[in-house]
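Written out below as structure tokens is the structure these notes cover.
Every value quoted in this text rests on a predicted model; they were computed, and no experiment measured them.
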Amino acid sequence: ILLGKSALELSKAWLRGDFQEQTISLNKEVSVTVSLRYISREMTLKRTPSAVKGGVFGVRIGQVTKREGSNIPLLVDTCVKQIESRGMQDVGIYRISGLSAEIQRLKKAFEKNSRGAVELAKETDVNVLTGILKLYFRELPEALFTDSLYPNLVKGMSLTDPEAKENWMISLLLQ
């Protein structure tokens, strides 16, 4: 039920980094107090390396695959295979979040022993698997499309010829 609408004009004073509190009146009976703080883009995109020696999360893909002796991290391979085999009929599998506690439990399992975690993943809910996969990619020290490749990704997205776009994207993925 829509109770009211309001707009809040942001102020340069909010750029100081401290929390700024503002009360917004939605109608005569309802008001909402919000507390906002500005965080720079650089800080929100900052990625932290793994604290776990031999871990998987927060570690460069190249390091993980070298350690595991594969081209694709075992976590990614396992999750994708399980999602494809058990979750393709589910609606919104990458939108619906799995239980946070289960995601953390599976994360710890992969951090300790990736090979042992594969068996656990086989019994795990599909939404937890999609959640752990998204978490893995979020915690990479560098995005899959690195800063140097990003302009080429944008250029490829703007191509209108479907065949040229496909060829461009495949070339970019191979890089």
**Item:** T130 side-chain N/O to I93 backbone N/O, donor-acceptor pair under 3.5 Å
**Value:** yes
**Item:** Carboxylate-amine/guanidinium proximity below 4.0 Å for K122 and E119
**Value:** yes
**Item:** same_hphob_cluster(L74, I61) at 4.5 Å side-chain heavy-atom cutoff
**Value:** no
**Item:** Polar side chain donor-acceptor pair, T23 to T33, under 3.5 angstrom
**Value:** yes
**Backbone N/O of V128 and side chain of E102: donor-acceptor pair under 3.5 Å** = no
**Complete:** Rounding to 0.5 Å, atoms CG (L172) and CG (N167) come to a distance of 12.5 Å
**Message:** Check whether K165 reaches the backbone of T160 with its side chain - one donor and one acceptor, N or O, closer than 3.5 Å.
**Reply:** no
**Prompt:** Of the non-hydrogen atoms in L133 and C79, which two are nearest, and what is the gap between them?
**Reply:** CD1-CB, 4.2 Å
**Prompt:** Which atoms form the tightest heavy-atom contact between L135 and I103, and what is the distance?
**Reply:** CD2-CG2, 4.0 Å
**Message:** Once rounded to the nearest 0.5 Å, what's the spacing between atom OG of S31 and atom CD1 of I24?
**Reply:** 9.5 Å
**Item:** Sidechain-backbone polar pair: D161 side chain, A164 backbone, donor-acceptor under 3.5 Å
**Value:** yes
**Request:** Evaluate whether atom OH of Y150 has more than 12 neighbouring non-hydrogen atoms of other residues, nucleotides or ligands under 6.0 angstrom away.
**Result:** no
**Request:** Mind checking the CG-CD spacing from D77 to Q82? Nearest 0.5 Å is all I need.
**Result:** 10.0 Å
**Message:** Give me the atom names and distance for the closest heavy-atom approach of K134 to Y94.
**Reply:** NZ-O, 2.7 Å
**Asked** Is the backbone N or O of V56 less than 3.5 Å from a side-chain atom of E111, with the two atoms forming a donor-acceptor pair by type?
**Response** yes
**Request:** Examine L99 and F110 and state if one hydrophobic cluster contains both, with Ile, Leu, Val, Met, Phe, Trp and Tyr joined whenever side-chain heavy atoms are less than 4.5 Å apart.
**Result:** no
**Message:** Taking the side chain as everything from C-beta on, heavy atoms only, tell me whether S114 gets closer than 4.5 Å to L75.
**Reply:** no
**Request:** Quick one: pull up CG in L140 and CZ in R138 and give me the separation to the nearest 0.5 Å.
**Result:** 11.0 Å
**Fill in**
Distance col, row N152:CG vs M169:CE, nearest 0.5 angstrom, shows 9.5 Å
**Asked** If you round to the nearest 0.5 Å, how far is CZ of R60 from OG1 of T65?
**Response** 12.0 Å
**Prompt:** Is it true that a side-chain atom of R67 and a backbone atom of G55 form a donor plus acceptor pair closer than 3.5 Å?
**Reply:** yes
**Message:** Please determine whether residues L173 and L153 belong to a single hydrophobic cluster, defined as Ile, Leu, Val, Met, Phe, Trp and Tyr linked transitively by side-chain heavy-atom distances below 4.5 Å.
**Reply:** yes
**Item:** In one Ile/Leu/Val/Met/Phe/Trp/Tyr side-chain cluster, 4.5 Å: I132, I96
**Value:** no
**Message:** Would a single hydrophobic cluster contain both V76 and V126, if residues Ile, Leu, Val, Met, Phe, Trp and Tyr are joined by side-chain heavy-atom contacts under 4.5 Å?
**Reply:** yes
**Item:** Closest approach of Y136 to P73 (non-hydrogen atoms, all atoms of both residues)
**Value:** OH-CG, 3.5 Å
